Asker: 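Quick one: the structure is below, questions incoming.
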There are 2 protein chains.
Amino acid sequence: MKHTRAPDVVVRRLALYLRVLGEVAADGVDRFISSRELGDRAGVSPAQVRKDLAFFGEFGKQGVGYEVRVLQQELQGILNVDREIRVGLAGVGELGTALARYLYRRFHHDGAYAFHLVASFDVDPDKVGRPVEGDIMVYHMDELHDVVRRLGLEIFILAVPAGAAQAVADACVAAGVRAILNFAPVKLRVPPGVRLHISDVSLELQQLAYYL
Amino acid sequence: MKHTRAPDVVVRRLALYLRVLGEVAADGVDRFISSRELGDRAGVSPAQVRKDLAFFGEFGKQGVGYEVRVLQQELQGILNVDREIRVGLAGVGELGTALARYLYRRFHHDGAYAFHLVASFDVDPDKVGRPVEGDIMVYHMDELHDVVRRLGLEIFILAVPAGAAQAVADACVAAGVRAILNFAPVKLRVPPGVRLHISDVSLELQQLAYYL
DNA sequence: TAGATTGTTAATCGATTAACAATC
DNA sequence: TAGATTGTTAATCGATTAACAATC
């Protein structure tokens, strides 16, 4: 399907393009979009758009552009988001709860597609056994391995305290999780083959401070 | 002070180095760290570490490495985080509240240095006028311009609904804010000179899905 | 001194931009 | 057809890695 693995920057922009296409498609009317317009809306050059897409195939018509719906579906296929992806959440603190509610509201009505948060985990006995939101049950962290296997969780979101993050990540990896989004302010180590993204407010603020 | 503006990737890694140095310094004992150890801990090559630092000056001793405390202070100076930086938060929903509490707990006891969340903003009359956490008051969004000026807010965190984000960003920019961290799932437009970072869970999940 | 590690230059690698023939 | 825009190649730009003299 993919010949070579695409560079990370390309994958990031693909997700951006997909968002733009969603906005354009929401305007109604099937229509075409040029690499110029797509680029303008996504904040990249037209050449960059064409180059990125060319990495995966030919999706446009010369002189016309790209059919919005078609390109949308192609990109969804490439990014693997044309199916249900089951997501787990570790850490049902304030941030974890906020994330759970956000994800639930954003994706749960999208039917069989995209991201479904289906389980969350914590060590607090007061939280375990009751739903964090909707039908998203909170399991004890000890059950992580079993639940990952039983429910087929593929991506994990980590919203646990910094001190616990590495242990939880290790447990996820041991259970077969291959992608982790880490909100804890620590550098985690994962084996090759496991994809780790970070979302770290303090790190972002420090970077921003440089430009003041 | 800075000759040329450093590339974004370098700035990102600088923040990473700073975190590592903090961890090492917390171990106690003043000591030296080599580009190899710093690199290992930060997940980059030793050559990269030296190249990044060389961008700003000479901070090491041949045959020995870098004095942890010294390098820490140098990097804090370079990143501008050796002073109080006043942060505003727009949007006191679930995510906003979680972020406010996190920032308050993480930084408020750090005295005069680093990031201080000093004001938050919302349009909900039930939220306006009462603190979101500690002494962080919630102001009405209409007061944003005045409060930014009065309290000297430099960085803004946006945790408002997608539909409101661009208007709030515009208001921040008009008030003189020069750095924004956006949590809303929309592409924002800001004028040159204003630095915009995004933290977007859906976008991250879509990228992660590619690697499944 | 001997060993280690920096700062820096040169070589490599990869990503972005420019340009244009192909073609809808 | 004439105009527009793609897909792709070549040129440019920038970032990473390798290597090593300088030196603590």
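Numbered from 1 within each chain, the chains take letters A, B, ... in sequence-line order. From a predicted model like this one, the values you see are computed outputs, not experimental measurements.
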Asker: Over how many whole Å does the gap from Phe55(B) atom CZ to dT6(C) atom C1' extend?
Answerer: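 Going from Phe55(B) (CZ) to dT6(C) (C1'), I get 19 Å.
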
Asker: Can you name the residues that form a side chain to side chain donor-acceptor pair (under 3.5 Å) with Tyr102(A), not counting sequence neighbours?
Answerer: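 Result, side chain to side chain donor-acceptor pair (under 3.5 Å) vs Tyr102(A): Arg106(A), Ser202(B).
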
Asker: Could you give the CD-to-C1' distance, from Glu37(B) to dA4(C), as a whole number of Å?
Answerer: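 Rounded to whole Å, this separation is 14 Å.
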
Asker: Once you round it to whole Å, what is the distance between C1' of dA21(D) and CD of Gln62(B)?
Answerer: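 These atoms are roughly 10 Å apart.
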
Asker: Show every salt bridge (charged side-chain N to carboxylate O under 4.0 Å, His left out) that has at least one partner inside residues 143-164 of chain A, sequence neighbours left out.
Answerer: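 Checked against salt bridge (charged side-chain N to carboxylate O under 4.0 Å, His left out) - neighbours excluded - the pairs reaching residues 143-164 of chain A are Arg83(A)-Glu154(A).
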
Asker: Between Val64(A) and Val10(A), who's closer to the 5' end of DNA chain C by nearest nucleotide?
Answerer: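 Upstream on the strand: Val10(A).
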
Asker: Based on Watson-Crick and G-U pairs with both distances under 3.5 Å, what dot-bracket line describes DNA chain D 5' to 3', crossing pairs as [ ] and inter-strand pairs as |?
Answerer: ..||||||||||||||||||||||

Asker: Between dA4(C) atom P and Ile33(B) atom CD1, what is the distance in whole Å?
Answerer: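 Atom-to-atom, Ile33(B) to dA4(C), this comes out as 18 Å.
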
Asker: Just to verify, what does Arg86(B) make a side chain to side chain donor-acceptor pair (under 3.5 Å) with, not counting sequence neighbours?
Answerer: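 Listed in chain order: Glu84(B).
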
Asker: Do any side-chain nitrogens or oxygens of Ser35(A) fall under 4.0 Å of OP1 or OP2 in dT6(D)?
Answerer: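 Ser35(A) to dT6(D) OP1/OP2: side-chain N or O found under 4.0 Å.
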
Asker: Work out which heavy atom in Ile78(A) is nearest to a heavy atom in Tyr210(B); give both atom names and the distance.
Answerer: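 Here Ile78(A) and Tyr210(B) meet closest at O-CD1, 3.3 Å.
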
Asker: What is the distance, rounded to the nearest whole Å, between atom CZ of Arg36(A) and atom C1' of dA18(C)?
Answerer: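 Spelled out: CZ on Arg36(A) to C1' on dA18(C) is 12 Å.
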
Asker: Would you give me the side-chain donor-acceptor pairs under 3.5 Å for residues 157-181 of chain A, sequence neighbours excluded?
Answerer:
unit_1, atom_1, unit_2, atom_2, d
Gln166(A), OE1, Arg189(A), N, 2.9
Gln166(A), NE2, Asp170(A), OD1, 2.8
Gln166(A), NE2, Arg189(A), O, 3.0
Arg178(A), NH2, Tyr211(B), O, 3.4

Asker: Can you tell me which residue pairs pass the ring-ring contact (aromatic ring centres under 6.0 Å, His included) test with a partner in residues 145-167 of chain A, sequence neighbours excluded?
Answerer: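 Sorted pair list: Phe121(A)-Phe156(A).
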
Asker: Which residue pairs satisfy the side chain to side chain donor-acceptor pair (under 3.5 Å) criterion with at least one member in residues 91-100 of chain B, sequence neighbours excluded?
Answerer: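 Matches after skipping sequence neighbours: Arg101(A)-Glu94(B).
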
Asker: Show every donor-acceptor pair shorter than 3.5 Å between a side-chain atom in residues 43-51 of chain A and any protein atom, with sequence neighbours excluded, or say none if there are none.
Answerer:
unit_1, atom_1, unit_2, atom_2, d
Ser45(A), OG, Gln48(A), N, 3.1
Gln48(A), OE1, Arg13(A), NH2, 3.0
Arg50(A), NH1, Ser35(A), OG, 3.0

Asker: Between dT5(D) atom P and Leu38(A) atom CG, what is the distance in whole Å?
Answerer: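 One finds 13 Å between P of dT5(D) and CG of Leu38(A), rounded.
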
Asker: Is there a side-chain polar atom (N or O) of Tyr66(B) under 4.0 Å from OP1 or OP2 of dA4(C)?
Answerer: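 False: Tyr66(B) side-chain N/O out of range (4.0 Å or more) of dA4(C) OP1/OP2.
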
Asker: Please pick, from dT17(D), dT6(D), dA15(C), the nucleotide with the shortest atom-to-atom distance to any side-chain atom of Gln48(B).
Answerer: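 Between dT17(D), dT6(D), dA15(C), the one nearest the side chain of Gln48(B) would be dT17(D).
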
Asker: Round to a whole Å and report the spacing from NZ of Lys61(B) to P of dC24(D).
Answerer: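 Taking atom P of dC24(D) as the reference, NZ of Lys61(B) is at 9 Å.
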
Asker: Sequence neighbours excluded, which residues qualify as side chain to side chain donor-acceptor pair (under 3.5 Å) partners of Asp40(A)?
Answerer: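 So Asp40(A) forms no side chain to side chain donor-acceptor pair (under 3.5 Å) with any residue.
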
Asker: Please enumerate all protein N or O atoms sitting under 3.5 Å from an N or O of nucleotides 8-13 of chain D, with distances to 0.1 Å.
Answerer:
unit_1, atom_1, unit_2, atom_2, d
dT8(D), OP1, Glu58(A), OE2, 3.4

Asker: How would you label the contact of Pro46(B) with the nucleic acid (heavy atoms, under 4.0 Å): base, sugar-phosphate, or nothing?
Answerer: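 Here Pro46(B) touches no strand at all.
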
Asker: Mind listing the residues from residues 13-21 of chain B sitting with a heavy atom below 4.0 Å of DNA chain D? Number order is fine.
Answerer: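 Arg13(B), in order of number.
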
Asker: Rounded to the nearest Å, what distance is computed from the CG atom of residue Asp8(B) to the C1' atom of nucleotide dG14(D)?
Answerer: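 Distance check: Asp8(B) CG to dG14(D) C1' gives 12 Å.
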
Asker: Under the side chain to side chain donor-acceptor pair (under 3.5 Å) rule, collect the residues that match up with Asp122(A), sequence neighbours excluded.
Answerer: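 Once residues adjacent in sequence are excluded, Asp122(A) has no partner under the side chain to side chain donor-acceptor pair (under 3.5 Å) criterion.
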
Asker: Are Tyr66(A) and Phe59(A) close enough that their ring centres sit under 6.0 Å apart?
Answerer: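 Judged by ring-centre distance (under 6.0 Å), Tyr66(A) and Phe59(A) do not meet the cut-off.
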
Asker: Leu75(A) and side-chain contact (heavy atoms from CB on, under 4.5 Å): which partner among Leu53(A), Asp52(A), Asp82(A), Val81(A)?
Answerer: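 Passing option: Leu53(A).
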
